[in-house]
Amino acid sequence: MVRVRFAPSPTGYLHVGNARTALFNYLFASKNFGRFIIRIEDTDTERSKKEYEESIIEDLKWLGLSWDEGPDVGGPFGPYRQTERLHLYREYSSRLLSEGKAYRCWCTKEEIEKRHLSRHQQDSGYDNYCRNLSDSQIARFEAEGRTPVIRFRVPEKKVVVNDIIRGPVTFEAGTLNDFVIMKSNNIPTFHFAVVIDDLTMQITHVIRGEDHLSNTPKHILIFEALGYNPPEFAHMSMTLGPDRTRLSKRHGATSVRQYREKGYLAEAMFNYLALLGWSSKNNQEIFSKQQLIEEFSLQACNKSNAIFDPAKLLWLNTLYLRSKPSSEIFELSIPFFEKTGYNKSDLEQHRKVIEKVIDVEKEKLKTLQDVQERTGYFISETILWNPEVAEKFKNPEFAKIFSEIRDILNAVQPFEKSHIEAAIRNFCETKNLKTGEVFHPLRFVLSGQTKGPGLFDLIELLGKQRCIKRIENFLGLKRHNL
RNA sequence: GCCCCCAUCGACUAGCGGCCCAGGUCACCACUCUUUCAAGGUGGUAGCGCCGGUUCGAUUCCGGCUGGGGGCGCCA
């Protein structure tokens, strides 16, 4: 049975790069009818926050992932938070200690650094100083009241990582320093906790970012020291920003939360993330979740890093948005309306109109935010005219045109698109006016916008009363300013 | 300083020795459609990092170089 895990540390919102890692794990598990596990790596007690854990879980769910075991749903291999499994790490570390595969180290950061500098920085880091201390040296450190860390005794040997994506990668373990597995506060380091958890949770495949490839020999060594076979490894390429450095805040939105708040759909993000570093055999790009699960394979993953391209994400978003029924788009965009001051019951009242507007504007929508921007003036009583644009239409000729159109609209019966169009076109013809000369100004007066649905859709959806009122208001405004 | 990974259009990628004077998608540009903004349609610009091998033949295999990324923490 395939068992994979996504193991975020709750030190921030879910990063899109991590979301991609989670997604690949999910796809791999689903494809192989395996289990997908969420584990919270909160051993960095300084930076870990409960709120972040909750937000990460929430965003993973929003993305459309689900898991079989995790801190929120439990499972047979729990608990699923590392801070709740401390006894396990302590148990395994004392075993390594008693077998001589690990040892206590009393060196301070300063001492290690000092010795490092004196070596002219020919290498890096710790010099295995405490590897073979005499009893009296140990006694002296203890007398000084120092609290030790536990370090892993790294053997001199070759370690081969048989990576599913990259093939065999060979490391010379001798070039590694004896690394810390238990901190002086008796909490495991990442390298130790992952191994113990992957071991005890019976993880079969470790799918993670390439940034962990260089650390994998450490993990394998610990598995071996404990007498177990390591799981399979697959190191996926990293997600970079446009400047080819790690995707970070400088590059703009980096968390799935931010994209969600900008009006992106989960389906679009899901699909886009899958396309980063993976491609299907026939180069298909648009996938449903189910198709993705069927098509996905680790072997088809690209080895080179990928740049996160918001433009392509946006394109997918327009596609998914367009494919949704207007009623669903309405529901999804409620939070965005609320942000601009509408409340839910107002919106329910205007639901019919909003959905109709969505119908005629759907192909223009890029994000859920656009829904509010493109429909707001249909439901608000008053609108504002951009003074600069308005200026152009503040003259007697336009005043005459607008007031005549007001009368025409007032007379249209029934107030429907085709009748409205006929009436206005007829007006243009009899007055010998080009349609463009009338349509554009009229759109502006009625909506305050220079973009929107077709003019006659606009008028019908606005309704007779609103149209007349807006024209009159505009004319009144004009008189005031003259 | 040491170690590891990677290398096809601006971006994501296809290519697994001849089918490739390199295909698709996004972006971009042009044209078209059009009452606005879009969308759509049509077309286009643009790429195998460099140098050596191997081979009858290299984008594809090997080596080096260069470039990019990552790791070497009592962060994860």
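Every chain is numbered from 1, with letters handed out A, B, ... down the list of sequences.
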Undergrad: Under 4.0 Å between any heavy atoms, over every strand shown, what does A/His191 touch: base, sugar-phosphate, or nothing? Just pick one.
TA: base
Undergrad: Looking across every strand, which nucleic acid part, if any, lies under 4.0 Å from A/Arg208 by heavy atom: base, sugar-phosphate, or nothing?
TA: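 Contact class for A/Arg208: none.
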Undergrad: Would you say the side chains of A/Asn271 and A/Tyr320 form a donor-acceptor pair under 3.5 Å?
TA: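 Note: A/Asn271 and A/Tyr320 side chains meet the donor-acceptor criterion.
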Undergrad: Just checking A/Pro453: base, sugar-phosphate only, or nothing, at a heavy-atom cut-off of under 4.0 Å?
TA: base
Undergrad: Is it the case that the side chain of A/Ser279 and the backbone of A/Asn283 share a donor-acceptor pair, with hydrogens and angles ignored and the cut-off at 3.5 Å?
TA: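 Looks like no, no N/O pair under 3.5 Å.
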Undergrad: Pick base, sugar-phosphate or nothing for A/Lys218, based on heavy-atom distances below 4.0 Å to the nucleic acid.
TA: sugar-phosphate
Undergrad: How is A/Asp44 classified with respect to the nucleic acid when contacts are heavy atoms under 4.0 Å: base, sugar-phosphate, or nothing?
TA: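 Here A/Asp44 touches the backbone only, sparing every base.
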Undergrad: A/Leu314 has an atom CG; how far is it from atom P of B/C26, in whole Å?
TA: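 Answer to the nearest Å: 13 Å.
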Undergrad: Classify A/Cys428 by what it touches in the nucleic acid, base, sugar-phosphate, or nothing, heavy-atom distance under 4.0 Å.
TA: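 Touches nothing.
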Undergrad: Which base sits across from B/C28 as a Watson-Crick or G-U pair, both distances under 3.5 Å?
TA: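 B/C28 is paired with B/G44.
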Undergrad: Rounded to the Å, how far apart are A/Leu313 CG and B/U13 C1'?
TA: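 Atom-to-atom, A/Leu313 to B/U13, this comes out as 17 Å.
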Undergrad: Return no unless some side-chain N or O of A/Lys303 is found under 4.0 Å from OP1 or OP2 of B/C16.
TA: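 For A/Lys303, the contact criterion (side-chain N or O under 4.0 Å from OP1 or OP2 of B/C16) is not met.
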Undergrad: How does protein reach along nucleotides 59-69 of chain B, written 5' to 3' as B (base within reach of a heavy atom under 4.0 Å), S (only sugar-phosphate), or - (no contact)?
TA: ----------B
Undergrad: Strictly distance-based, threshold 3.5 Å: is any side-chain N or O of A/His251 a donor or acceptor partner for the main-chain N or O of A/Ser248?
TA: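 Yes; at least one donor-acceptor contact below 3.5 Å.
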Undergrad: Determine the interplanar angle of the A/Tyr259 and A/Phe308 rings, folded into 0 to 90°, and report it as parallel if under 30°, tilted if 30 to 60°, perpendicular if over 60°.
TA: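 Tilted, since the angle between the ring planes falls between 30° and 60°.
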Undergrad: Minimum heavy-atom separation for A/Arg443 to A/Thr450, with atom names?
TA: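 Heavy atoms of A/Arg443 and A/Thr450 come nearest at CD-C, 3.9 Å.
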Undergrad: Could you tell me if A/Glu58 and A/Ser55 have a donor-acceptor pair between their side chains, going purely by distance under 3.5 Å?
TA: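 Checked: A/Ser55/A/Glu58 side chains show no N/O donor-acceptor pair below 3.5 Å.
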Undergrad: Would you indicate what A/Thr170 reaches in the nucleic acid, counting non-hydrogen atoms under 4.0 angstrom: base, sugar-phosphate, or nothing?
TA: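 Here A/Thr170 touches the backbone only, sparing every base.
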Undergrad: Can you measure A/Asp309 atom CG to B/C28 atom P for me and round it to whole angstrom units?
TA: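 One finds 11 Å between P of B/C28 and CG of A/Asp309, rounded.
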Undergrad: Centroid-to-centroid, A/His235 to A/His212, below 6.0 Å?
TA: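 Judged by ring-centre distance (under 6.0 Å), A/His235 and A/His212 do not meet the cut-off.
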Undergrad: Identify the two heavy atoms, one from A/Val194 and one from A/Phe190, that lie closest to each other, and give their separation to 0.1 Å.
TA: CG2-O, 2.6 Å
Undergrad: Using atom C1' in both nucleotides, what's the gap between B/U25 and B/U8 to the nearest angstrom?
TA: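 Taking atom C1' in both B/U25 and B/U8, they lie 15 Å apart.
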Undergrad: Rounded to whole Å, please give me the gap between CZ in A/Phe171 and P in B/C5.
TA: 6 Å
Undergrad: Produce the list of close N/O pairs, under 3.5 Å, pairing protein atoms with atoms of nucleotides 45-47 of chain B; give distances to one decimal.
TA:
none

Undergrad: Are A/Glu295 and A/Lys31 close enough, and set up right, to give a salt bridge (charged side-chain N to carboxylate O under 4.0 Å, His left out), and what steps lead you there?
TA: CA-CA 8 Å; A/Glu295 293 280 315; A/Lys31 161 102 185 188; over 6 Å; no
Undergrad: Please list, pair by pair, any protein nitrogen or oxygen found under 3.5 Å from a nitrogen or oxygen in nucleotides 40-44 of chain B.
TA:
none

Undergrad: Answer yes or no: is there a donor N or O on one side and an acceptor on the other, between the side chain of A/Arg470 and the main chain of A/Leu446, under 3.5 Å?
TA: yes
Undergrad: Would you say the side-chain atoms of A/Ser48 pair up with the backbone N or O of A/Thr45, donor to acceptor, closer than 3.5 Å?
TA: no
Undergrad: Atom CD of A/Glu363 to atom C1' of B/C33: distance rounded to whole Å?
TA: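 Going from A/Glu363 (CD) to B/C33 (C1'), I get 13 Å.
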Undergrad: Looking at A/Lys451, does any N or O in its side chain come under 4.0 Å of the phosphate oxygens OP1/OP2 on B/U35?
TA: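 Result: no.
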Undergrad: Ignoring backbone atoms, test whether A/Ser279 places a side-chain nitrogen or oxygen under 4.0 Å from the OP1 or OP2 oxygen of B/A14.
TA: yes
Undergrad: Taking N and O atoms by type only, does the side chain of A/Ser304 place a donor or acceptor under 3.5 Å from a partner on the base of B/C6?
TA: no
Undergrad: If you measure from the P atom in B/U13 to the same atom in B/C72, how many Å do you get, rounded?
TA: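 Roughly 25 Å separates the two P atoms.
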Undergrad: Return yes if a side-chain donor-acceptor contact under 3.5 Å exists between A/Asn305 and A/Ser237, otherwise no.
TA: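 No, because no side-chain N or O of A/Asn305 sits under 3.5 Å from a partner of the opposite role on A/Ser237.
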Undergrad: Ignoring hydrogens and angles, state whether a donor on the side chain of A/Tyr377 or A/Gln449 is under 3.5 Å from an acceptor on the partner side chain.
TA: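 No - no donor-acceptor pair under 3.5 Å links their side chains.
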